[in-house]
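Atoms within each ligand, like the ligands themselves, are counted from 1 in listed order. For the single chain, residues carry numbers from 1 onward in sequence order. Bear in mind that the values here come from a model prediction, so they are computed numbers and not experimental data.
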Amino acid sequence: MARIGVLALQGAFREHRAALERLGAQVAEVRLAADLDGLHGLILPGGESTTMARLMTEYALWEPLRAFHARGGQLWGTCAGAILLSGEVQGAPPQFGRQDSLGLLDVTVQRNAFGRQIDSFTTGLDVRGLDGAFPAVFIRAPAFARVGEGVEVLAEYEGQAVAVRQGRVLATAFHPELTGDDRLHELFLQGCLTPA
Ligand code: GLN
């Protein structure tokens, strides 16, 4: 059975937990470095990336999360979580300066890439590896504006990459935990049980 953590500092972590439990995974909420012990994978949820980054500093989680990846852990970031995984972040409010990120995904992510007038929308998306359109919920979503060579694009919306994978790191700009469609969670769990 897969043991999966959900970073539970802020944001939509309960919804991820519910999706994982529907699929029979054992789920742990992660707030401290020690909570990562024994996990196969970790989900970084959507929420507010600047707030989450601040809490990650407060809880001393930056290096433990990088170490978790280095020792073979699988990671999946959704929306704000995807921003935290990226190599470079654009579009942070200027008063915050350069936004910290984990740098585990060779992409430049653009925050709030789909404009203010359409803060939220749902669209049927073709996602590589899934049969049939996936109902993708975008909430002030980012897009992967630059995608490095080793990064596979799994889905695009209006010409912008919105789901990517690089080795053990999966990132989606949208919120699969809010739809009741658990296919992406299933894909993630399969990856967690099959060593890369
Ligand atoms: N716009 C938020 C950010 O930049 C992300 C929104 C979300 O996670 N739904 O952090």
* To do: Determine, step by step, whether S49 and Q99 satisfy the side-chain contact (heavy atoms from CB on, under 4.5 Å) criterion, reporting the C-alpha distance in whole Å, the side-chain angles of both residues, the deciding distance to 0.1 Å, and the verdict.
  => CA-CA 9 Å; S49 57; Q99 185 168 338; 3.0 Å; yes
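Note on R14 versus E29: no salt bridge recorded, every NZ/NE/NH1/NH2 to OD/OE distance being 4.0 Å or above. Ion pairing between R183 and E186 fails under the 4.0 Å rule for side-chain N and carboxylate O. By the 4.0 Å N-to-carboxylate-O rule, R54 lies too far from E58 to be salt-bridged with it.
Here CD of Q90 is found 12.5 Å from CG of N112. Values are rounded to the nearest 0.5 Å.
The shortest N/O to N/O separation between A80 and ligand 1 falls below 3.5 Å. Inclusion of T78 in the set of residues having an N or O under 3.5 Å from an N or O of ligand 1 is not warranted. The distance criterion of under 3.5 Å between nitrogen or oxygen atoms is not met by G46 with respect to ligand 1. Between T50 and ligand 1, no N or O atom pair is found at a separation short of 3.5 Å. Between C79 and ligand 1, not a single N/O pair is under 3.5 Å apart.
Ring-plane geometry between F121 and F138 is classed as parallel, the angle between the planes falling under 30 degrees on a 0 to 90 degree scale with a further cut at 60.
Against a heavy-atom cut-off of under 4.0 Å, N112 is close to the following atoms of ligand 1: 1 (N). Applying the 4.0 Å criterion to heavy atoms of G47 picks out, from ligand 1, the atoms 2 (C), 5 (C), 6 (C), 7 (C), 8 (O). Below 4.0 Å from some heavy atom of S49 lie the following atoms of ligand 1, by number and element: 3 (C), 4 (O), 10 (O). Close approach to I83 involves these atoms of ligand 1, each under 4.0 Å from a residue heavy atom: 3 (C), 4 (O), 10 (O).
Residue R111 touches ligand 1 through its side chain alone, judged by heavy-atom distances below 4.0 Å.
Residues Y157 and F174 place their aromatic rings such that the two centres sit no closer than 6.0 Å.
Between H175 and ligand 1 there is a heavy-atom distance shorter than 4.0 Å.
Following chains of ILVMFWY side-chain contacts shorter than 4.5 Å, one cannot reach I83 starting from I43, and the two form parts of different hydrophobic clusters.
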